[in-house]
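Residue numbers begin at 1 in each chain, while the letters A, B, ... track the order of the sequences.
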Number of protein chains: 2
Amino acid sequence: MNPKRCAACRYLRRRCPKDCVFSPYFPPNNPEKFACVHRIYGAGNVSKMLQQLPVQTRAEAVESLCFEATCRIEDPVYGCAGMISLLQTQIQKTESFLARTQAEITVAQIKHSQNQHSEFM
Amino acid sequence: MNPKRCAACRYLRRRCPKDCVFSPYFPPNNPEKFACVHRIYGAGNVSKMLQQLPVQTRAEAVESLCFEATCRIEDPVYGCAGMISLLQTQIQKTESFLARTQAEITVAQIKHSQNQHSEFM
């Protein structure tokens, strides 16, 4: 066993080539990270997606793929799309609360100016 | 050509079996839907994920998979994880605007009660 093989090559039981597309993003001390993306996308698809990207964007792409894969494993029906629905609902609630608060301010300001007006009558 | 083959079996150039796992969710008139999930997850992974789910949840699962695949094709680096970051930023902005508005109300109320107090002095 070569202890320097990346987590992906170790998982796939193959030699880790010098130009391994997985190696910079899947260190051997975190085998779970590769297992997640492999389970959802398959190693071949991940490799294809990474190879189609400029090298400087691959680390971010791996992080987002791992995030989505973890979400899909935790919630096999909705994945991280479920999280998006929840966030959108939260935004709608906060926005409607904000609108109500602003309406209350307007009402309070009108009442205040009416009071001041009646004091001078 | 059998015009009743589902979009998945048509894409994979195979006979569409009666118990096809794709057929209820990939009608032949929408080939793009299957092409998207196949490109990101691969037909085998999608089939595996669907088979692990109770039948009544599969339609929702297909919709969320298609959504995530479309996001990944449109944004190969961040996929729909990028959307989640944007939504979280939007929530933080709305919440901080709400907090500011509520603080302004409190200040206005204090000023108002101080005014009323000085009127009676």
May I ask whether [X] and [Y] are part of the same hydrophobic cluster, defined by side-chain heavy atoms of I, L, V, M, F, W, Y residues being less than 4.5 angstrom apart, directly or through others?
{"X": "A:Val37", "Y": "B:Ile73", "answer": "yes"}
{"X": "B:Val21", "Y": "B:Leu65", "answer": "yes"}
{"X": "B:Tyr78", "Y": "B:Leu87", "answer": "no"}
{"X": "A:Phe22", "Y": "A:Tyr41", "answer": "yes"}

Between OG1 on residue A:Thr101 and CZ on residue B:Phe97, distance to nearest 0.5 Å: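 The distance works out to 10.0 Å.
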
Rounded at 0.5 Å granularity, tell me how far CE in A:Met83 sits from CD1 in B:Ile84.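 These two atoms lie 5.5 Å from each other.
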
Under a 4.5 Å heavy-atom cut-off, does chain A meet the side chain of [X], its backbone, both or neither?
{"X": "B:Ile105", "value": "side chain"}
{"X": "B:Leu50", "value": "neither"}
{"X": "B:Glu63", "value": "neither"}

I need the residue from [options] with the largest number of non-hydrogen atom pairs under 4.5 Å to chain A.
{"options": "B:Ile91, B:Val46, B:Thr57", "result": "B:Ile91"}
{"options": "B:Arg58, B:Met49, B:Gln102, B:Arg72", "result": "B:Arg72"}
{"options": "B:Ile40, B:Asp75, B:Val62", "result": "B:Ile40"}
{"options": "B:Gly42, B:Cys80, B:Gly79, B:Ala59", "result": "B:Cys80"}

Look only at the side chain of A:Glu68 and the backbone of B:Glu68, and say whether a donor-acceptor pair between them is shorter than 3.5 Å.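 No: the side chain of A:Glu68 does not pair with the backbone of B:Glu68.
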
Is there a donor-acceptor pair closer than 3.5 Å between any side-chain N or O of B:Ser64 and the backbone N or O of A:Val77?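 Looks like yes, one N/O pair under 3.5 Å.
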
Top contributor to chain B contacts, counting heavy-atom pairs under 4.5 Å, from A:Cys71, A:Gly44, A:Ala61, A:Pro54: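 Top option by heavy-atom pairs under 4.5 Å: A:Ala61.
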
Please test B:Glu95 against A:Gln90 for side chain to side chain contact (heavy atoms under 4.5 Å, CB included), starting from the C-alpha separation and ending with a verdict. CA-CA 10 Å; B:Glu95 277 174 351; A:Gln90 199 183 332; 3.7 Å; yes

Under a 4.5 Å heavy-atom cut-off, does chain B meet the side chain of A:Leu98, its backbone, both or neither?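 Both backbone and side chain.
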
Full working for side chain to side chain contact (heavy atoms under 4.5 Å, CB included) between A:Arg39 and B:Lys48: CA-CA 10 Å; A:Arg39 185 164 148 200; B:Lys48 218 172 12 183; over 6 Å; no

